[in-house]
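Taking it in order: structure first as structure tokens, then the write-up.
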Amino acid sequence: MSSLFISLEGGEGAGKSTQAKLLAAFLRSQGHQVVLTREPGGTDLGATLRQLFLQSDSLTPPTELFLLMADRSHHVSQLIKPALAAGKIVITDRFTDSTLAYQGFGHGIDKNWIAQLNAEATQGTMPQITFWLDIDPEVGLVRARVKNHHQDRMEKLDLEFHQRVRSGFAHICHNEPDRVKLVDSSQPPEQVHQSIIRLLPQRLVSPP
Ligand code: TMP
């Protein structure tokens with residue numbers, strides 16, 4: 001069995017978590033071993049970092065960035081790399097592109113610096129396929145609010161912030177068309193799932 005690293009990316013309310021679960025179930029039904037994880041929060045340490053990240057009111061953007069990098073470094077070395085080495089498919093709900101989009105485009109932190117930190121934290125372990133679930137932030141923020149009943153620290157940031165994040169994902173998608181696949185996330189979940197399936201490498205859909 002050959003390993004594969006897949007990430008799902010997108011703004012608030014894009015439906016990534018739902019799609020990650022549907023994709024994992026589909027790939028398992030095709031006979032693959034799948035590890036479903038997320039950032040921040042894919043490990044026990046990461047769960048603590050995620051809580052701090054989403055709930056601390058006093059975080060500055062650089063502090064936020066270092067928390068995310070601590071989470072990523074641990075996540076890659078403890079969970080993602082071993083799973084890939086064991087021939088599994090790893091699906092992560094958010095990865096490096098979120099940092100460039102949120103902390104780089106959203107908060108305005110130097111993008112080259114983020115790229116350097118991402119390279120250190122991942123040790124070069126990058127997804128072969130990334131699905132960018134695109135949604136208009138005005139629609140996504142309402143969806144997220146309805147789903148979660150309350151807003152976390154990031155969701156509370158203004159619409160302009162979330163629009164910059166969206167333009168960040170668009171920029172990454174434009175620059176890396178071989179890796180990053182655009183998926184229209186305004187469709188109903190089952191349709192979004194089918195769009196994702198159609199973009200998967202054929203070898204995954206009909207294993208030998
Ligand atoms: P989510 O996993 O429920 O989408 O929430 C995680 C939040 O963390 C979301 O608002 C995006 C944010 N985030 C960043 O700002 N930068 C990152 O690098 C990552 C992984 C997440």
Side-chain angles (χ1 to χ4, degrees), residues 5-21 23-24 36-43 45-57 59-76 79-80 90-111 113-122 125-127 130-135 137 139-169 171-172 180 183 185 189 192:
F5 187 20
I6 301 173
S7 63
L8 271 71
E9 295 280 9
E12 310 301 321
K16 290 176 296 80
S17 313
T18 303
Q19 292 304 325
K21 281 183 206 142
L23 179 58
L36 177 57
T37 185
R38 69 172 175 180
E39 283 197 2
T43 60
L45 172 71
T48 306
L49 294 172
R50 180 184 176 90
Q51 249 188 338
L52 289 172
F53 175 79
L54 288 177
Q55 289 167 16
S56 304
D57 286 328
L59 292 184
T60 62
T63 314
E64 188 177 298
L65 179 64
F66 286 122
L67 276 185
L68 290 162
M69 289 300 164
D71 171 71
R72 182 158 304 138
S73 168
H74 192 251
H75 189 210
V76 169
L79 193 146
I80 296 175
V90 175
I91 303 172
T92 185
D93 179 348
R94 296 196 185 280
F95 200 57
T96 47
D97 298 329
S98 278
T99 319
L100 198 57
Y102 279 80
Q103 281 64 47
F105 285 79
H107 282 319
I109 297 180
D110 184 89
K111 297 177 188 68
W113 188 42
I114 292 177
Q116 271 175 28
L117 291 174
N118 268 335
E120 300 271 352
T122 59
T125 302
M126 278 298 286
T130 296
F131 296 107
W132 170 34
L133 274 54
D134 181 40
I135 187 90
V139 178
L141 286 167
V142 172
R143 268 198 197 172
R145 208 168 299 146
V146 169
K147 185 176 163 216
N148 303 332
H149 305 296
H150 77 282
Q151 289 178 297
D152 64 38
R153 197 174 60 83
M154 301 304 279
E155 288 163 358
K156 280 184 197 150
L157 295 171
D158 60 27
L159 182 61
E160 287 70 31
F161 174 88
H162 291 284
Q163 280 163 341
R164 288 197 297 279
V165 169
R166 187 190 198 188
S167 72
F169 284 123
H171 176 89
I172 298 166
V180 185
V183 178
S185 205
V192 176

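Atoms within each ligand, like the ligands themselves, are counted from 1 in listed order.
- Rounding to the nearest 0.5 Å places CG of Asp93 at 3.5 Å from NZ of Lys16.
- Of the protein's non-hydrogen atoms, Phe53 CE2, 3.6 Å is the one closest to atom 12 (C) of ligand 1.
- Considering backbone and side-chain N/O atoms, Asp152 never comes within less than 3.5 Å of an N/O atom of ligand 1.
- Residue, atom and distance of the protein heavy atom nearest to atom 6 (C) of ligand 1 are Arg94 NE, 3.8 Å.
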Step-by-step salt bridge (charged side-chain N to carboxylate O under 4.0 Å, His left out) determination, Arg153 to Glu64: CA-CA 11 Å; Arg153 197 174 60 83; Glu64 188 177 298; 3.1 Å; yes
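- In the vicinity of Lys16, heavy-atom distances shorter than 4.0 Å reach the ligand 1 atoms 4 (O).
- The closest approach between a heavy atom of Asp93 and any atom of ligand 1 is not below 4.0 Å.
- For a threshold of 3.5 Å applied to N or O pairs, the pair formed by Thr99 and ligand 1 contains at least one separation below that value.
- If you look at Arg50 next to ligand 1, the close heavy atoms, those under 4.0 Å, all belong to the side chain.
- Nearest protein heavy-atom neighbour of atom 7 (C) of ligand 1: Leu54 CD2, 3.9 Å.
- Of all protein heavy atoms, the one closest to atom 9 (C) of ligand 1 is Glu12 OE2, 3.5 Å.
- Each of the following atoms of ligand 1 lies closer than 4.0 Å to a heavy atom of Arg72: 18 (O), 20 (C).
- Salt-bridge check for Arg72 with Glu39: passed, with a basic side-chain N closer than 4.0 Å to an acidic carboxylate O.
- When hydrogens are left out, the protein atom nearest atom 15 (O) of ligand 1 is Gln103 NE2, 3.0 Å; that is the closest non-hydrogen contact.
- No more than 12 heavy atoms of other residues, nucleotides or ligands shown are found within 6.0 angstrom of CD on Glu120.
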